[in-house]
Amino acid sequence: MSDVLMPPMFTAEDFRRRALNQTGASLAEAVHDHGDHLLNPGIVRHVEGMVLKNAAVLVPVVDDEDGAKIILTQRTTGLRKHSGQIAFPGGAIDPEDGGPETAALREAEEEIGLDRRFVEPVGRLPDYFAASGFRITPVLAVVQRGFNLTLNPTEVEHAFEVPLSFLMDPANHSQGSREWQGAIRHFYVMPYRDWHIWGITAGILRTLYERLYR
């Protein structure tokens, strides 16, 4: 048993409670109020006017005695889109999925072999509008230990865990910018060890912080 005591706010049980009892605006009303949507209102309005594909990602929070951790992946470098980037398990919502939760669980099984028997969905975050033409629903989940990951090498090169306490500390959230289609796009950056977490993933993590922990 670990001798390290984690503050209660960074346990999986507290995360579950916060996810189930979110306060403030409804998810639909809060779409523009969090993360890098606040930094790029013009780009978000542009994306909203596009014909969007629905997608879902799993935000898997692992229940550990020494503090909860979030599973992230690094996409393989040979992919056509977002190659080599840090991401949550996830992808397009298929018609047979019936909703974001089923899609996120299915994609996590397909990408990293995370058996859904260990996964408990506990809520959602506001949708994320991606410039690539996707409306992404982040599905929040608590994951119990006992799982074994098997990576799909065509999609995922690495899977790793980052302490929730690190990701929910605003001192670890910096900002960057680059030009996108003639406009300057602003985004969050959360470097952790050798991993460069930015873009959509960092935007969703920032929303998680603002929605549940600020």
Side-chain angles (χ1 to χ4, degrees), residues 12 15-16 19-22 26-32 34-35 37 44 46-63 69-161 199-205 207-208 211-212:
F15 170 79
R16 178 190 288 108
L20 290 170
N21 298 283
Q22 296 182 53
S26 69
L27 295 181
E29 295 171 333
V31 164
H32 300 91
H34 295 291
H37 283 187
V44 174
H46 171 77
V47 175
E48 282 185 301
M50 299 166 57
V51 177
L52 299 174
K53 298 177 181 178
N54 291 320
V57 297
L58 190 70
V59 181
V61 175
V62 181
D63 189 359
K69 302 169 182 68
I70 292 183
I71 301 172
L72 294 173
T73 72
Q74 183 182 38
R75 294 168 62 83
T76 58
T77 55
L79 292 173
R80 186 169 60 89
K81 293 184 178 180
H82 308 297
S83 64
Q85 291 188 10
I86 305 304
F88 293 107
I93 300 176
D94 293 339
E96 58 269 25
D97 286 328
E101 284 74 17
T102 301
L105 291 171
R106 174 182 56 76
E107 288 283 347
E109 285 183 325
E110 293 175 359
E111 291 184 7
I112 61 174
L114 179 59
D115 191 325
R116 68 182 69 194
R117 293 178 300 171
F118 296 93
V119 184
E120 175 197 0
V122 293
R124 300 179 184 178
L125 291 179
D127 288 344
Y128 185 99
F129 290 90
S132 54
F134 284 92
R135 179 191 293 106
I136 302 171
T137 300
V139 175
L140 307 177
V142 171
V143 182
Q144 298 300 324
R145 284 292 183 198
F147 61 86
N148 292 302
L149 299 185
T150 303
L151 308 187
N152 180 344
T154 64
E155 297 189 63
V156 176
E157 192 159 324
H158 299 285
F160 59 98
E161 298 178 5
I200 294 173
T201 302
I204 291 173
L205 288 168
T207 299
L208 181 67
R211 187 81 179 170
L212 270 64

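Sequence positions, counted from 1, serve as the residue numbers for this chain.
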Checklist line | Side chain proximity check, T154 to T76, heavy atoms < 4.5 angstrom | finding: no
Item checked: Partner set under side chain to side chain donor-acceptor pair (under 3.5 Å) for T102, not counting sequence neighbours -> none
Next item on the list: Check ring-ring contact (aromatic ring centres under 6.0 Å, His included) between H46 and all other residues, then give those that pass, not counting sequence neighbours.
Entry: none
Check: Is the count of non-hydrogen atoms from other residues, nucleotides or ligands lying under 6.0 Å from N148 atom CG greater than 12?
Finding: no
Next item on the list: Would you please name every residue forming a side chain to side chain donor-acceptor pair (under 3.5 Å) with H32, sequence neighbours left out?
Entry: E48
Next item on the list: Using side-chain contact (heavy atoms from CB on, under 4.5 Å) as the criterion, list what pairs up with A104, not counting sequence neighbours.
Entry: A56, L58, V139
Item checked: With V142, the side-chain contact (heavy atoms from CB on, under 4.5 Å) member among V122, V62, V119 -> V122
Check: What residues, two or more places apart in sequence or in another chain, satisfy salt bridge (charged side-chain N to carboxylate O under 4.0 Å, His left out) together with R16?
Finding: E13, E120
Margin query: Could you check whether any side-chain heavy atom of V59 comes within less than 4.5 Å of a side-chain heavy atom of F88, counting everything from C-beta outward?
Written below: yes
Next item on the list: Taking the side chain as every heavy atom from C-beta outward, state whether F15 and I70 have any pair of such atoms under 4.5 Å apart.
Entry: no
Check: Rounded to the nearest 0.5 Å, how far apart are CE of M50 and CZ of F134?
Finding: 10.0 Å
Margin query: Walk me through whether Q22 and L140 qualify under side-chain contact (heavy atoms from CB on, under 4.5 Å).
Written below: CA-CA 12 Å; Q22 296 182 53; L140 307 177; 4.2 Å; yes
Checklist line | With sequence neighbours excluded, residues passing side chain to side chain donor-acceptor pair (under 3.5 Å) with R145 | finding: D64, E161
Notebook entry, point to check: Does R135 have any side chain to side chain donor-acceptor pair (under 3.5 Å) partners at least two apart in sequence or in another chain, and if so, which?
Noted result: N54
Next item on the list: Only counting residues at least two apart or in another chain, list the ones meeting side-chain contact (heavy atoms from CB on, under 4.5 Å) with E111.
Entry: P89, E107, E155, V156
Item checked: Member of L72, T73, V57 meeting the side-chain contact (heavy atoms from CB on, under 4.5 Å) criterion with T201 -> L72
Next item on the list: For residues 87-99, pull every pair meeting salt bridge (charged side-chain N to carboxylate O under 4.0 Å, His left out), keeping only residues two or more places apart or in separate chains.
Entry: D94-R106, D97-R106
Note to self: So, using ring-ring contact (aromatic ring centres under 6.0 Å, His included) as the criterion, who are the partners of Y128 when residues are at least two apart?
What the structure shows: H37
Margin query: Checking D63 now: which residues fulfil salt bridge (charged side-chain N to carboxylate O under 4.0 Å, His left out) with it, not counting sequence neighbours?
Written below: none
Checklist line | Those residues that, when tested against E29, pass side-chain contact (heavy atoms from CB on, under 4.5 Å) (two or more places apart) | finding: A25, S26
